[in-house]
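Fair warning: this is a prediction, and the values are worked out from it, not measured in the lab.
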Amino acid sequence: MQTSSFADAGAWSAQTPRSYIRDEDAWRLPTGPGVAHAEDRARLGLSRWSLTGAGATEMSAATPEGSYTVGVSLRSTDITFLQDGRLAYEGRVMPGMFQVTSPGHSARAVFHSACDVLHLYVPQSLLDACHREVSGGGVESMMIDDPVISHDPCIERLGQALLLADEAFTAFGRMYVDSINLALVSRLLELRSRVPLRPVKERKSALPKWRLKRAVEFIDAHLSDTIGLEDVASAAGLTRMHFAAQFRVATGLRPHEYLLRRRIECAQQLLSDEDYSLLDAAQLAGFRSQAHFTTVFKRVVGATPKRWRDAQHVCS
């Protein structure tokens, strides 16, 4: 996908429906028509990379000079991520978590489970243009380099909006996608501008890998059951208080929010199969009422279960 002027909206409306998010042949390697190339400094590229199956898969890529690679996770996965050979993150990545690799830097990742990620390729010139628009011009080049994988609710929702637009929009789809792309760039700049203002805090310790593995395996094995914080903490061998704080540092989410998101992922898998009704998916994923299921599903995914399922069937 390439961004264009809104003046071209009339031409877009005459086009036939198509996907604006291209599949990648390799991790962080956008190919095919409509994907911005490294030498195109005025456009933003958008593509998607997925990995199925179990077992460790190692991938590496270099970010071109003059552009950033922004990865937004679309499903939970276990990953070891390195930038320029240095460990930047190791553990469970949840939907909505993102990472930015700056121009000229290399990235290497080992995926320990299936993965689905949205990649945005953002030219430095586009960042500078957005920053000048806000500051009034005459500023130095704006950098958003931060290899740490983190979570931001706004980035997560914008990523969801891109997916929904790609599934549901026709005539004005490209205009909509371009607008969300610009919103994403603006949000990244907003987050970066706040960094110097944050007070330096002592970093809390994260849950050790072996304890996190126990907790995650316990949750996955009991998604359809009633699970309390004490149950998961006990599986990890900790008290509720110590477990909750360390789990949040390790995953970026509170234990209850993590549980809800895993249940939604389970429900999505069930909804992809027409043999399961909405009520079946809700109950098998651990929700005690369809109303609660619909509320949580819409908050996490950005659409109701029925609308999401209908969109999957249209695209298949």
Side-chain angles (χ1 to χ4, degrees), residues 27-28 49-61 69-102 105-119 145-153 155-156 159 191 201-223 227 229 231-266 268 300:
W27 185 62
R28 298 193 173 200
W49 184 79
S50 59
L51 174 69
T52 58
T57 301
E58 183 173 339
M59 307 296 293
S60 60
T69 298
V70 181
V72 182
S73 179
L74 301 177
R75 63 171 295 173
S76 61
T77 186
D78 295 299
I79 184 175
T80 302
F81 186 85
L82 300 93
Q83 179 166 297
D84 296 331
R86 295 184 178 181
L87 182 65
Y89 187 90
E90 186 170 23
R92 176 61 64 96
V93 173
M94 294 301 294
M97 297 181 75
F98 71 97
Q99 188 275 337
V100 180
T101 302
S102 50
H105 290 270
S106 64
R108 181 161 59 92
V110 180
F111 298 95
H112 304 283
S113 57
C115 176
D116 193 5
V117 61
L118 194 65
H119 284 136
D145 51 331
D146 186 359
V148 177
I149 295 178
S150 53
H151 178 263
D152 176 66
I155 295 291
E156 179 179 5
L191 293 174
K201 296 181 180 179
E202 182 180 354
R203 181 175 175 83
K204 297 179 181 179
S205 60
L207 198 64
K209 297 175 191 176
W210 67 272
R211 292 189 188 274
L212 178 61
K213 185 174 184 291
R214 282 187 179 182
V216 167
E217 289 178 346
F218 179 85
I219 290 174
D220 288 346
H222 296 84
L223 282 179
I227 305 175
L229 176 60
D231 299 323
V232 186
S234 177
L238 292 173
T239 63
R240 292 175 54 181
M241 182 181 301
H242 287 90
F243 171 76
Q246 293 181 29
F247 185 90
R248 187 174 185 181
V249 174
T251 64
L253 297 170
R254 294 183 177 89
H256 181 64
E257 182 65 19
Y258 177 90
L259 171 61
L260 288 178
R261 288 168 180 264
R262 287 294 296 127
R263 282 177 167 162
I264 292 300
E265 284 190 326
C266 175
Q268 286 178 302
V300 173

*Asks:* Would you sort out whether Thr69 and His119 count as a side-chain hydrogen bond (donor to acceptor under 3.5 Å, both in side chains), showing the intermediate values?
*Replies:* CA-CA 7 Å; Thr69 298; His119 284 136; over 6 Å; no
*Asks:* Report the distance from atom OG1 of Thr80 to atom CD of Glu58, rounding to the nearest 0.5 Å.
*Replies:* 9.5 Å
*Asks:* Any Lys/Arg nitrogen of Glu265 or Arg262 sitting under 4.0 Å from an Asp/Glu carboxylate oxygen of the other?
*Replies:* yes
*Asks:* My understanding is that only residues two or more places apart in sequence, or in another chain, count here; which of them pass ring-ring contact (aromatic ring centres under 6.0 Å, His included) with Tyr89?
*Replies:*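 For Tyr89, no residue satisfies ring-ring contact (aromatic ring centres under 6.0 Å, His included) once neighbours in sequence are set aside.
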*Asks:* Shortest non-hydrogen contact from Thr52 to Ala114?
*Replies:* CA-CB, 4.2 Å
*Asks:* Is there a side chain to side chain contact (heavy atoms under 4.5 Å, CB included) between Thr101 and Phe81? Walk through the geometry before answering.
*Replies:* CA-CA 11 Å; Thr101 302; Phe81 186 85; 4.1 Å; yes
*Asks:* Just to verify, what does Arg261 make a side chain to side chain contact (heavy atoms under 4.5 Å, CB included) with, not counting sequence neighbours?
*Replies:*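 Listed in chain order: Met94, His151, Glu156, Leu253, Glu257, Val300.
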*Asks:* Go through the structure and list residues passing salt bridge (Lys or Arg N to Asp or Glu O under 4.0 Å) with Arg92, not counting sequence neighbours.
*Replies:* Asp78
*Asks:* What pairs with Arg248 under side chain to side chain contact (heavy atoms under 4.5 Å, CB included), at least two apart in sequence or on another chain?
*Replies:* Arg254
*Asks:* Can you list everything that forms a side chain to side chain contact (heavy atoms under 4.5 Å, CB included) with Ile155? Sequence neighbours excluded, please.
*Replies:* Val72, Phe98, Asp152, Leu184, Arg187, Leu188, Leu191
*Asks:* Look at the aromatic rings of Tyr258 and Phe247 and report parallel, tilted or perpendicular, splitting at 30° and 60°.
*Replies:*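 Plane angle over 60°, so perpendicular.
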*Asks:* Between Arg211 and Gly237, is there a donor-acceptor pair closer than 3.5 Å when you use the side chain of the first and the backbone of the second?
*Replies:* yes
*Asks:* Could you tell me which residues satisfy salt bridge (Lys or Arg N to Asp or Glu O under 4.0 Å) with Asp84, sequence neighbours excluded, listed by chain and number?
*Replies:*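 Here no residue qualifies.
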